[in-house]
There are 2 protein chains.
Amino acid sequence: MTKSNASEANGLPVNQILDGDCIEVMNSLPEGSIDLIFADPPYNLQLKGDLHRPDNSKVDAVDDHWDQFASFKVYDDFTREWLKAARRLLKPDGAIWVIGSYHNVFRMGAELQNQGYWILNDVIWRKSNPMPNFRGKRLTNAHETLIWASKSEDAKPTFNYEALKELNEGIQMRSDWVLPICNGGERLKNGDGEKAHPTQKPEALLHRVLIGTTNPGDVVLDPFFGTGTTGAVAKMLGREFIGIEREEAYRKVAAERLSRVRKFDREALATTTPKRAQPRVPFGQLVERGMLRPGESLISPRGQIAKVRADGTLISGEARGSIHQVGAALESAPSCNGWTYWQFKRDGKTVSIDVLRQQIRAEMHD
Amino acid sequence: MTKSNASEANGLPVNQILDGDCIEVMNSLPEGSIDLIFADPPYNLQLKGDLHRPDNSKVDAVDDHWDQFASFKVYDDFTREWLKAARRLLKPDGAIWVIGSYHNVFRMGAELQNQGYWILNDVIWRKSNPMPNFRGKRLTNAHETLIWASKSEDAKPTFNYEALKELNEGIQMRSDWVLPICNGGERLKNGDGEKAHPTQKPEALLHRVLIGTTNPGDVVLDPFFGTGTTGAVAKMLGREFIGIEREEAYRKVAAERLSRVRKFDREALATTTPKRAQPRVPFGQLVERGMLRPGESLISPRGQIAKVRADGTLISGEARGSIHQVGAALESAPSCNGWTYWQFKRDGKTVSIDVLRQQIRAEMHD
DNA sequence: AGGACCGATGAATCTGGAC
DNA sequence: GGTCCAGATTCATCGGTCC
């Protein structure tokens, strides 16, 4: 194992690049310990003879006379085993991202579903500068597909909705992401000036994945580490990473790369707080604290009146109950957010009751 | 069989809507007789409860009986059978298009490969106006996936490279297609003014498919005909169609629609594409792409400093939010164009962040 | 006539914490 | 584990009405 920055957290070898077959190494790590897995597995079986069975025996069918069905079988066996090992490692609310092209992504997607993973979204990385199709026999292959899945249907995976919305300038993030391919200064070269890895992923892609589906301190595993883009972005963003890579040349490039990466400071890593994370304020507290008086009138958007009662419930005609229940009753709606629905009068002006909730929350920060 | 426009070509019931189960009907047609199949099968959506918009209106979901399958096993059996029947019908150089979402497309793609179909491209239909994710729990589901495959690896499928290039303003057509969903006047309604079919596809999508991968006079089969978009566009473009549809209500709507369709003149095919507006660039993309670093300082015209956060928001004193919001806060102004307001330092010089936006836009034109 | 405003709606695996 | 209920959540487009 390469342990230049060796450290341990909860028995996990975090911030290291582990040497070996990804399935074996994953099976050696403790069950239910990983928050997120990002996997960019190989699929170019014809050109790369580096695919091995779980028992490490060499696969002949791949570089032998090309037999589509035999090779799909081999690829499916490989996919099944590493996805199984990955699922064992995930915490119950953990999640996985896989990336691929039409050569392999359908097989990965089907196997994810077969194993009980629950697909949350498929995401299209739309390349702003793809390689053209020179022979004019196909469409320009201008995208790759990612699949984001939780460990099971009833899991509660991390999703930083607000942070992604901010990244997209206030509009909810879509399932198609326009990002350039990795080239220029970001593209790692070996000593001969050749690209160090054929499929190095752009850091921007991992930035979006990690901002959106992990929190600072989370442990992110990449079983096909390559040049370590996942590790580099994880380190910048204050996440822990574990990389697995069997090729020494890639481990070396990745380790050197990681040594140059610096973590962003804490303030920069803070992202927009979701409203759901803010402390709950019972409406009754406004009455207890005298911000609203029992008997005082609240006004609906359509001018209907409800009276505040001493226990923090409302009464309006036949309807009585919480601010939400009475609002829903007046609107004949299945639900209603009473905080944004009701207003009251102060000094001749009409004010939302949510202003009072914000006052209480502001005090709680002191 | 509905044979209002009954005709025969090479023993094929062309330009008709056939009644019945698509597998049985396909098996009754002659082997090796079809040039192109376009298939929009049930997606096997698995919806639980109702979904309401934030304004409390209810989403009219796809809950039709024909979209219900008991298990992946049942869906896979169905997929295997209709793809097998489809492959028997194709001419040796014929091709197939299938469309789906992440619920079913991985299973279709894997089965296509298993049966010996050869995938030519996967194509992303990027919806310009998708339905948002109302609960903020996922990414906006903003695309669907099509797979274009030939009958076998050594086939020579029709591909009208030049025609697609023309459709794309002289640039090689990519594998991601931006098209609006089908609504407005094109969306077929039933007598009650409700949508006639829950998943009617836009004609523009079929236009591109048929222009790109068929020739005039080709026979196009759609085994899940629905409201007959495939037939309508085929007729307009001078292709023959065969539709199979087991729901009488859909057959009726489709037949009526087809009776109104007229074949285009050749000139009518030429369309002028309006100049696109400048693409919107989210500020967060500058951060994801490393053009600005989390923690880096931006400078206002009056020398005030704001720090960039990892989600593309700024923080300056008490103010936090988008580049526009923080700029407006510092100026006590109702609004502010952050792009022209903020600057940063590079190599000792002060540069407007708008320069970075222009860089990104320049790349997007490639 | 034209612009502002409002309501409707689209293939969706769409909540979470307390008790 | 089930039940209850607070309360958080939307973008682009079309078509109709109002000013």
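- For DNA chain D, the outermost nucleotides in 5' to 3' order that have an atom under 4.0 Å from a heavy atom of chain B are D:dG7 to D:dG15.
- Of the C1' atoms belonging to D:dT10 and C:dG7, the separation is 14 Å, rounded to the nearest Å.
- Mapping A:R174 and A:F283 onto DNA chain D by nearest heavy atom places A:F283 closer to the 5' end of the strand.
- You'll find that the side chain of B:T199 is closest to C:dA11, out of C:dA12, C:dA11, C:dG16.
- Between C:dG16 and D:dG1, the two C1' atoms lie 15 Å apart (nearest whole Å).
- Residues B:D222 and B:T230 have side chains that bring a donor and an acceptor to within less than 3.5 angstrom of each other.
- Toward the 5′ end of DNA chain C lies the nearest nucleotide of B:D40, the other residue of the pair A:K156 and B:D40 mapping further downstream.
- For B:R135, counting side-chain heavy atoms from C-beta on, the closest listed nucleotide (C:dT13, C:dT15, C:dG10) is C:dT15.
- Within the 6.0 Å centre-distance limit, the rings of B:W97 and B:W148 are counted as a close aromatic pair.
- Screening A:D176, A:N121, A:D122 for a side chain to side chain donor-acceptor pair (under 3.5 Å) involving B:H143 leaves a single residue, A:D122.
- Residues of residues 328-337 of chain A that place a heavy atom closer than 4.0 Å to DNA chain C do not occur.
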Please, what dot-bracket string fits DNA chain D when only Watson-Crick and G-U pairs with both distances under 3.5 Å count, crossing ones use [ ] and pairs to another strand use |?
.|||||....|||||||||

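- Taking the ring centroids of A:W118 and B:H103, they lie at or beyond the 6.0 Å cut-off.
- Applying the side-chain contact (heavy atoms from CB on, under 4.5 Å) rule to A:Q278 yields the partners A:K275, A:R361; only residues at least two apart in sequence or on another chain are considered.
- Of the residues near DNA chain D, A:D354 and B:M131, the one whose nearest nucleotide (by heavy atom distance) lies more toward the 5' end is A:D354.
- Take the nearest nucleotide of DNA chain C for B:P132 and for B:C182: the residue whose nucleotide is more 5' is B:C182.
- A:S322 meets the side-chain contact (heavy atoms from CB on, under 4.5 Å) test with A:H324, A:Q325; sequence neighbours excluded.
- Separation of the C1' atoms belonging to D:dC5 and C:dA12 is 24 Å when rounded to the nearest angstrom.
- A donor N or O paired with an acceptor N or O is not found under 3.5 Å between the base of C:dA12 and the side-chain atoms of B:K137.
- Residue B:R53 places no side-chain atom within donor-acceptor reach of the base of C:dG7, judged by atom type and a 3.5 Å distance cut-off alone.
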When you look at B:F241 and B:F225, which way does the ring pair (Phe, Tyr, Trp, His ring centres under 6.0 Å) test go after all the steps?
CA-CA 10 Å; B:F241 70 87; B:F225 202 57; 5.8 Å; yes

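- Nucleotides D:dA6 and C:dA11, compared at atom P, are 34 Å apart to the nearest Å.
- If you take atom C1' in C:dG17 and the same atom in D:dA8, they sit 13 Å apart, rounded to whole Å.
- Of the residues in residues 55-77 of chain B, not one places a heavy atom less than 4.0 Å from an atom of DNA chain D.
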